[in-house]
Amino acid sequence: MTDPGMFLHRSLPEAVYLVLRRKILNNEYEAGQRLVEAPLAEELGVSRSTVREALRQLSVDGLVDISPRRHSIVTRMSYEDIRDACYARFVLEAGAVRCITGSKDGVLARMQQVVDRMADVAADGDVATMIDLDTEFHGCIIDAAGKQRLAALWRTLDAQMGALMRSSIDRQHIGLDEAVRRHQYVVDIFRVGSGEAIVQMLEEHYLGAVDSMAEAGVLSSAVLEAKGRPA
């Protein structure tokens with residue numbers, strides 16, 4: 001039974017959504033696994049309608065596919081969806097970098113603090129918290145630009161980041177320690193590089209590994225396996 005304390009200060013659908021999201025992101029519910037309303041409602045001590053609402057939000061996030069037969073399937077993003085989301089994030093962050101003027105000391109300090117926290121989380125194997133820290137890390141770059149509309153556009157992608165990182169971690173077969181290393185590299189280049197060097201680094205950070213995997217055929221076969229079809 002889920003800890004009732006997790007439901008405090010939140011609406012029930014939001015609390016159930018967060019519980020299920022964490023289980024999916026930490027691979028307690030694996031790609032291809034069926035999530036059925038009735039057993040989930042019994043496990044969590046809530047109504048089926050509450051579970052249904054939470055599953056709808058998970059579907060919007062790209063974490064589950066909903067079946068009309070009262071169950072959902074844990075899914076992973078396709079290569080096209082992964083690259084699309086990564087490209088959108090890269091373009092917005094590249095724009096933010098070009099808007100940052102003056103000293104970078106403040107944003108660098110905040111980014112480094114997040115990476116240090118990532119290292120602690122990686123040691124615990126907590127993918128869900130790592131994903132939240134990834135959003136916080138890249139948000140430091142966005143916020144440093146001081147452009148409200150840019151920040152608002154960037155944050156419309158937040159809901160997809162869980163599905164994006166879970167899919168990327170699965171398909172690249174990387175540990176969380178490697179995710180920490182990649183973010184530390186972003187900090188290091190941010191500290192010493194020119195604006196254009198930082199933009200090039202962000203492009204590689206977001207798109208380089210995804211494109212390499214696609215060229216090697218890793219993504220296409222992984223997508224088929226997650227959907228239960230032969231590659």
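Reckoned from all heavy atoms, side chains included, excluding hydrogens, waters and symmetry mates.
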Inset, instruction - Could you pull out the closest heavy-atom pair between V16 and L44, with the gap in Å? - result: CG1-CD1, 3.6 Å
Legend entry - Positive for side-chain contact (heavy atoms from CB on, under 4.5 Å) with P13, one of T50, V51, L18: T50
Inset, instruction - For residues R52 and R48, determine if any side-chain heavy atom of one lies less than 4.5 Å from a side-chain heavy atom of the other. - result: yes
Inset, instruction - Walk me through it: do C86 and I82 pass the test side-chain contact (heavy atoms from CB on, under 4.5 Å)? - result: CA-CA 6 Å; C86 284; I82 289 175; 4.2 Å; yes
Inset, instruction - Could you pull out the closest heavy-atom pair between C140 and R110, with the gap in Å? - result: SG-CB, 3.9 Å
Inset, instruction - Looking only at non-hydrogen atoms, find the nearest pair between Y29 and R76 and report the distance. - result: O-NH2, 4.5 Å
Inset, instruction - Go through R166 and D61 one step at a time and tell me if the salt bridge (charged side-chain N to carboxylate O under 4.0 Å, His left out) criterion holds. - result: CA-CA 12 Å; R166 178 71 260 177; D61 292 356; over 6 Å; no
Inset, instruction - Begin with the C-alpha distance, continue with both residues' side-chain angles, and end with the deciding distance and a verdict on ring pair (Phe, Tyr, Trp, His ring centres under 6.0 Å) for Y206 and H138. - result: CA-CA 11 Å; Y206 276 120; H138 289 279; 5.1 Å; yes
Inset, instruction - Consider only side-chain N and O atoms of E14 and Q57, and report whether a donor and an acceptor are under 3.5 Å apart. - result: no
Legend entry - Minimum heavy-atom distance I100-A144, with the two atoms named: CD1-CB, 3.8 Å
Legend entry - Shortest non-hydrogen separation from A145 to A96 and the atoms involved: CB-O, 3.6 Å
Inset, instruction - Carefully, step by step, assess V180 and M130 under the rule side-chain contact (heavy atoms from CB on, under 4.5 Å). - result: CA-CA 9 Å; V180 176; M130 178 68 82; 3.7 Å; yes
Legend entry - K104 atom NZ, neighbour heavy-atom count above 12 within 6.0 Å: yes
Legend entry - Joint cluster assignment, Y185 & V114, ILVMFWY side-chain distance < 4.5 Å: yes
Inset, instruction - For residues L176 and M118, determine if any side-chain heavy atom of one lies less than 4.5 Å from a side-chain heavy atom of the other. - result: no
Legend entry - Whether Q33 side chain and E30 backbone form a donor-acceptor pair below 3.5 Å: yes
Legend entry - Pair Y17, E53: side-chain N/O donor-acceptor within cut-off below 3.5 Å: no
Legend entry - Any L35 side-chain heavy atom under 4.5 Å of I73 side chain: no
Legend entry - SB check D132 R117 (cutoff 4.0 Å): no
Legend entry - is_close_aromatic(F190, H183), centroid dist under 6.0 Å: no
Legend entry - Closest non-hydrogen atom pair, G162 against L25: O-CD2, 3.3 Å
Legend entry - Note: R98-E196 ion pair, threshold 4.0 Å (strictly below): yes
Legend entry - Path from V199 to Y87 over hydrophobic side-chain contacts below 4.5 Å: yes
Inset, instruction - Determine whether the side chains of R155 and T135 contain a donor N or O and an acceptor N or O closer than 3.5 Å. - result: no
Legend entry - Basic-acidic side-chain contact under 4.0 Å: D126, R22: yes
